Amino acid sequence: MPKKRLKRPFYNRDVLTVAPELLGKVLVRKFDNGIISRFVIEEVEAYRGEEDLACHASKGRTSRTEIMYHEGGKIYVYLVYGMYWMLNIVTGENSIPQAVLIRRIEGFSGPGKLTGNLSIDKSFYGEDLVFSKRIWLENNNEGVNFFATSRIGINYAGEYWKNKPWRFILK
DNA sequence: TCAGTGATTAGG
DNA sequence: CTAATCACTGAG
């Protein structure tokens, strides 16, 4: 059975539904030299709406957060600590700002490492996973087991949001 | 535990 | 324009 690219409806749902379902899915990257690499997604985090103080959209609609207000399936990338590009997948309907941080994929540990190895940078901001020729997600026929914990690196968001179990890890 | 590093943001 | 902040990493 051939692998199949995930389509719009998959992404256009609430981030708390999509995030755990991303576990076990395959991130596909086609490099400029034509080589195609596939990686199983192993760890993600959900960021949900303006009310979520850990979500960048809590600061409202800015040039950086703009893409999160679009329909699901778009890529949100940003630079953090001056060195690391973070790869996020926008979810939810239009005008509802949500995204899933891809925190770990098979073979690489850490969100900064994976974007470095996959050559993902600012040029991927707004890229559409449904149509892109250089990055997309494929279905995987496996069932997955996962567990949830609190999100990492968001001490600024306060106890309430910091303690939300919105980090999902493949077992 | 802590510094590196530069885009982004709020504020004057 | 300035200054503060930061969804990380690896060294010690």
Side-chain angles (χ1 to χ4, degrees), chain A residues 10-25 27 29 37 39-93 95-129 132 135-137 144 146-171:
Chain A
F10 175 84
Y11 302 104
N12 276 354
R13 297 173 296 157
D14 189 272
V15 70
L16 294 180
T17 300
V18 178
E21 286 189 25
L22 284 172
L23 296 174
K25 294 285 190 293
L27 174 65
R29 172 82 169 97
S37 297
F39 307 91
V40 172
I41 297 175
E42 298 180 336
E43 180 179 338
V44 299
E45 280 179 2
Y47 290 86
R48 188 170 186 269
E50 294 184 346
E51 76 225 18
D52 176 5
L53 295 183
C55 182
H56 290 165
S58 64
K59 307 220 159 172
R61 200 164 182 153
T62 67
S63 57
R64 182 171 71 150
T65 63
E66 172 64 27
I67 197 65
M68 281 202 276
Y69 289 79
H70 290 223
E71 63 181 340
K74 305 300 180 67
I75 287 182
Y76 168 44
V77 287
Y78 65 92
L79 188 70
V80 73
Y81 301 117
M83 288 177 239
Y84 305 105
W85 294 102
M86 297 291 104
L87 173 63
N88 296 253
I89 295 173
V90 175
T91 70
E93 300 287 344
S95 85
I96 299 176
Q98 304 181 333
V100 179
L101 170 66
I102 305 303
R103 185 166 262 296
R104 181 161 49 88
I105 58 176
E106 184 182 17
F108 305 110
S109 57
K113 296 290 289 294
L114 79 90
T115 51
N117 282 279
L118 296 194
S119 300
I120 289 170
D121 58 17
K122 185 72 179 174
S123 74
F124 282 78
Y125 184 94
E127 190 97 357
D128 194 336
L129 289 167
S132 176
I135 189 167
W136 64 92
L137 296 189
V144 302
F146 69 91
F147 63 98
T149 72
S150 55
R151 295 173 291 178
I152 302 297
I154 55 162
N155 291 331
Y156 61 87
E159 288 300 306
Y160 179 78
W161 293 104
K162 192 179 142 190
N163 291 333
K164 289 278 186 190
W166 289 354
R167 175 185 179 211
F168 304 100
I169 305 173
L170 198 61
K171 238 180 231 176

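These numbers were taken from a predicted model, which means no experiment stands behind them. Quick note on labels: first sequence line is chain A, next is B, and so on, each numbered from 1.
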message: Can you confirm whether or not the ring centre of A:Y78 sits under 6.0 Å from the ring centre of A:H56?
response: yes
query: Using the benzene-type ring in the case of Trp, are the ring centres of A:F39 and A:F108 under 6.0 Å apart?
result: yes
message: For a quick test of reading the model, state the closest non-hydrogen atom pair linking A:L129 to A:W136 and the distance between them.
response: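 Residues A:L129 and A:W136, closest heavy atoms: O-CB, 3.5 Å.
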Protein-nucleotide distance ([X], atom [atom1]; [N], atom [atom2]), rounded to Å:
X      : N      : atom1 : atom2 : value
A:M83  : C:dA11 : CE    : C1'   : 12 Å
A:Y81  : C:dG10 : OH    : P     : 14 Å
A:Y156 : C:dA4  : OH    : C1'   : 15 Å
A:Y125 : B:dA7  : OH    : P     : 16 Å
A:H56  : B:dA7  : NE2   : P     : 16 Å
A:D121 : B:dT8  : CG    : P     : 12 Å
A:F168 : C:dA7  : CZ    : C1'   : 15 Å
A:K162 : C:dA7  : NZ    : C1'   : 14 Å

- prompt: So what does A:I154 touch, heavy atoms closer than 4.0 Å: a base, only the sugar-phosphate, or nothing?
  reply: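 Answer is sugar-phosphate: A:I154 comes under 4.0 Å of backbone atoms only.
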query: When we call it a touch if two heavy atoms are under 4.0 Å apart, what does A:M86 touch: a base, just sugar-phosphate, or nothing?
result: sugar-phosphate
field: SB check A:R167 A:E43 (cutoff 4.0 Å)
entry: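 Looking at A:E43 together with A:R167, the answer is yes, because their closest N to O distance falls below 4.0 Å.
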A:R48/A:D14 ion pair, N-O < 4.0 Å: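 Looking at A:R48 and A:D14, the cut-off is met.
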query: Side chain of A:L79: nearest nucleotide among C:dT9, C:dA7, B:dG6?
result: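 Of the options given, the side chain of A:L79 lies nearest B:dG6.
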- prompt: Closest nucleotide of DNA chain C for A:K113 versus for A:I152: which of these residues is on the 5' side?
  reply: A:I152
message: Does the structure show a Watson-Crick or G-U wobble partner for C:dA4, both distances under 3.5 Å? Name it, or say none.
response: B:dT8
query: Near DNA chain C, which residues from residues 57-72 of chain A have a heavy atom under 4.0 Å away?
result: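 Contacts with DNA chain C under 4.0 Å: none.
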- prompt: Any side-chain N or O of A:Y84 less than 4.0 Å from the OP1 or OP2 oxygen of C:dA7?
  reply: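 Checking C:dA7 against A:Y84, no side-chain N or O comes under 4.0 Å of OP1 or OP2.
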field: side-chain N/O A:R167 vs C:dA7 OP1/OP2, d < 4.0 Å
entry: no
Residue that, paired with A:R13, satisfies side-chain hydrogen bond (donor to acceptor under 3.5 Å, both in side chains) out of A:E93, A:Q98, A:E21: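 Filter result, single survivor: A:E21.
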Pairwise C1' distance, C:dG10 and B:dA7 [rounded to whole Å]: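 Nearest-Å result for B:dA7 against C:dG10 at atom C1': 22 Å.
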message: Should the side chain of A:Y78 and the base of C:dA7 be counted as holding a donor-acceptor pair, with the cut-off at 3.5 Å?
response: yes
field: Residues, nucleotides or ligands: over 12 heavy atoms within 6.0 Å of A:K122 NZ
entry: yes
